[in-house]
2 protein chains.
Amino acid sequence: MERLPKRQRHQELSRLLEENPFLTDRELTRLLKVSIQTIRLDRLELAIPELRERLKLMAERSHDSVRSLPLHEVIGDIVDLQLDKSGISLFEMNEEHVFSRSGIARGHHVFAQANSLAVAVINDEIALTASADIRFVRPVKLGEKCIAKAYVRSSGGQKAKVEVFTYVGEEMVFQGNFVIYRSAAESKT
Amino acid sequence: MERLPKRQRHQELSRLLEENPFLTDRELTRLLKVSIQTIRLDRLELAIPELRERLKLMAERSHDSVRSLPLHEVIGDIVDLQLDKSGISLFEMNEEHVFSRSGIARGHHVFAQANSLAVAVINDEIALTASADIRFVRPVKLGEKCIAKAYVRSSGGQKAKVEVFTYVGEEMVFQGNFVIYRSAAESKT
DNA sequence: CTCTTTTTGGTACCTGGTAATAAAGGCTAC
DNA sequence: GTAGCCTTTATTACCAGGTACCAAAAAGAG
């Protein structure tokens with residue numbers, strides 16, 4: 001058995017669910033052409049919860065409105081969030097985000113998604129961006145779906161370091177290192 | 001059997017679910033002290049969907065809402081522009097730009113003003129942010145007027161370096177070094 | 001050609017329901 | 001009284017979308 005197919009399938013599975021978290025295992029068997037048991041093993045390996053749990057998580061996030069994310073002001077759609085650890089958000093570039101001339105996204109929209117995620121992932125009353133070092137790897141074009149992944153690298157004390165990578169499909173389009181100030185109170189994790 | 005208890009129960013049921021839509025029928029039997037069948041008949045009468053449907057609806061709403069936000073073409077009013085030299089823009093923070101909790105502006109709005117200006121100041125068909133190194137010196141609060149000043153430090157070749165300082169009054173609140181890609185030499189096409 | 005990993009298949013069980021049907025409780029009308 | 005009616009409760013069958021586990025087949029790797 002080639003090592004690739006499995007990893008490719010895992011990537012594909014993650015991508016599909018990031019794009020559309022409403023897919024059941026049965027629908028995934030159709031999309032990936034493997035048995036339902038394989039899908040379930042894959043989800044297990046990738047630590048992706050079942051459909052109902054995913055929906056519940058989404059519902060909870062939108063319901064709470066407490067926590068560090070007033071959802072309406074967040075750029076992008078946060079589909080996974082492990083406070084103080086990591087997070088994933090989706091954002092699709094459409095007309096209002098791009099230069100009309102070239103169809104290329106304005107940098108600050110790409111930044112906004114990454115920044116929103118970096119702030120959201122910090123489990124604190126108040127979290128503010130202190131500084132950032134960012135790189136636009138390749139232009140993002142109209143219609144492209146950006147998947148931003150944030151990883152908290154260090155969160156001791158008042159400053160947390162968060163690394164964010166933004167992808168379009170497999171391709172990295174943006175990378176940023178954020179330093180986030182936190183209100184200091186509840187750091188325990 | 002009193003006619004009232006039923007209507008009262010219906011009201012109570014609606015109230016409970018509005019307050020906490022995550023309640024299962026079983027939990028409701030405990031709260032209302034009737035059988036689970038009664039709860040289900042009540043939900044039927046009141047046209048309240050089952051728990052899973054409620055969660056799904058909430059998840060769907062949170063999924064396709066967020067995408068849009070008031071980030072239009074250029075952030076800030078450009079009041080002075082000397083192409084390839086310098087520029088100034090103004091931007092006032094209001095409710096939609098700040099964390100409702102703290103009244104502090106979200107970093108990406110401050111960044112967006114600076115980024116817009118850095119791109120605008122470059123005299124070329126196409127100008128894109130390649131990378132940036134930014135620092136939020138102090139938080140910007142609701143109602144504050146930000147004055148961003150951009151200076152082109154070097155513009156030879158395909159990359160231009162632009163330095164942006166943002167002030168509220170005399171106070172510097174943000175500073176960034178941008179590297180901007182330009183489509184070619186300024187004299188071309 | 002073995003040995004291990006991966007994939008598939010199947011069963012039992014769980015949650016939070018729907019749907020249908022029957023039975024019991026309570027109240028009114030005659 | 002008791003018949004009629006609504007409300008409530010109980011029972012059973014069924015479903016979706018899983019989990020958990022076991023066994024066997026398929027596919028590589030050595």
Side-chain angles (χ1 to χ4, degrees), chain A residues 1-64 77-82 85-88 90 170, chain B residues 1-64:
Chain A
M1 181 151 300
E2 307 142 41
R3 278 293 177 287
L4 278 172
K6 189 174 182 181
R7 288 185 195 157
Q8 279 181 353
R9 197 184 55 233
H10 280 190
Q11 279 204 320
E12 186 67 5
L13 180 70
S14 305
R15 199 187 57 75
L16 283 168
L17 286 179
E18 272 162 30
E19 202 169 277
N20 180 6
F22 296 84
L23 292 167
T24 66
D25 288 359
R26 201 167 305 277
E27 289 170 314
L28 289 166
T29 64
R30 246 195 28 256
L31 296 169
L32 296 175
K33 302 185 199 310
V34 288
S35 75
I36 204 160
Q37 288 84 353
T38 303
I39 298 291
R40 285 169 184 171
L41 285 171
D42 287 356
R43 272 201 300 99
L44 208 67
E45 281 185 68
L46 296 169
I48 297 171
E50 62 170 284
L51 171 67
R52 284 160 175 171
E53 285 307 308
R54 294 197 299 271
L55 296 186
K56 194 176 169 190
L57 276 171
M58 294 173 70
E60 273 167 359
R61 269 200 301 273
S62 77
H63 182 253
D64 282 358
D77 209 351
I78 294 174
V79 294
D80 182 70
L81 195 62
Q82 294 179 288
K85 291 210 185 85
S86 66
I88 295 173
L90 307 179
E170 313 284 85
Chain B
M1 182 146 300
E2 309 139 41
R3 280 290 176 286
L4 278 173
K6 188 174 183 181
R7 287 179 200 161
Q8 280 181 350
R9 197 184 55 231
H10 280 190
Q11 278 205 318
E12 186 67 2
L13 180 70
S14 305
R15 199 186 56 74
L16 282 168
L17 285 180
E18 221 165 286
E19 201 171 277
N20 181 6
F22 297 84
L23 292 169
T24 66
D25 288 358
R26 200 167 304 278
E27 288 171 316
L28 289 166
T29 64
R30 247 195 25 255
L31 295 170
L32 296 175
K33 300 185 201 308
V34 287
S35 75
I36 203 158
Q37 292 78 1
T38 303
I39 298 292
R40 286 169 184 171
L41 285 171
D42 288 356
R43 272 201 300 101
L44 209 66
E45 282 186 68
L46 296 170
I48 296 172
E50 61 170 287
L51 170 66
R52 284 161 176 169
E53 286 306 309
R54 295 198 298 271
L55 296 188
K56 196 176 168 188
L57 276 172
M58 294 174 71
E60 272 164 1
R61 241 176 298 143
S62 82
H63 187 65
D64 48 40

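First the proteins, then the strands, lettered A, B, ... as listed; each starts at 1.
The salt bridge (charged side-chain N to carboxylate O under 4.0 Å, His left out) test applied to A:Glu53 returns no partner, not counting sequence neighbours. Taking the side chain to side chain donor-acceptor pair (under 3.5 Å) definition, one finds that B:Arg54 meets it with nothing, sequence neighbours left out. A search for salt bridge (charged side-chain N to carboxylate O under 4.0 Å, His left out) contacts involving B:Asp25 returns B:Arg40, B:Arg43, not counting sequence neighbours. Every side chain to side chain donor-acceptor pair (under 3.5 Å) that A:Thr38 has, sequence neighbours left out, goes to A:Ser35. A:Arg52 is linked by a side chain to side chain donor-acceptor pair (under 3.5 Å) to nothing, counting only residues two or more places apart in sequence or in another chain. Scored by the side chain to side chain donor-acceptor pair (under 3.5 Å) test, A:Arg15 finds A:Glu12, A:Glu19 as partners (sequence neighbours excluded). With sequence neighbours excluded, no residue forms a salt bridge (charged side-chain N to carboxylate O under 4.0 Å, His left out) with B:Glu50.
The A:Glu50 side chain lies nearest to D:dT19 when the options are D:dT8, D:dT19, C:dT7. Listed nucleotides D:dT19, D:dT9, C:dG16 differ in distance to B:Thr38; the shortest reach to its side chain belongs to D:dT9.
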Between the protein and nucleotides 11-16 of chain D, list every N/O to N/O distance that falls short of 3.5 Å.
from, atom 1, to, atom 2, distance (Å)
D:dA16, N3, A:Arg52, NH2, 3.0

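Atoms CG and CD1, from A:Leu13 and A:Ile48 in turn, are 4.5 Å apart once rounded to the nearest 0.5 Å. A:Glu27 contributes atom CD, which lies 8.5 Å from atom OG1 of A:Thr29 (distance to the nearest 0.5 angstrom).
Following rounding to the nearest Å, A:Gln8 (CD) and C:dT7 (P) show an atom-to-atom distance of 12 Å. In this structure, CG of B:Asp25 is placed 11 Å from C1' of C:dT18, rounded to the nearest angstrom. Between the CD1 atom of B:Ile39 and the C1' atom of D:dA10 there is a distance of 15 Å, given to the nearest Å. When rounded to the nearest whole Å, the span between CG of A:Leu32 and P of C:dT8 equals 11 Å. Atom CD in B:Glu53 sits about 9 Å away from atom P in C:dT18, given to the nearest Å. Residue A:Leu41 contributes atom CG, which lies 14 Å from atom C1' of D:dA23 at whole-angstrom precision. Going from atom CG of B:Leu51 over to atom P of C:dT18 covers 10 Å, rounded to whole Å. In this structure, A:Leu55 places its CG atom 9 Å from P of D:dG18, rounding to the nearest Å.
At the phosphate of D:dT8, neither OP1 nor OP2 sits under 4.0 Å from any side-chain N or O atom of B:Ser35.
A:Arg40 comes within 4.0 angstrom of a base, heavy atoms only.
Within residues 42-49 of chain A, no residue has any heavy atom closer than 4.0 Å to DNA chain C.
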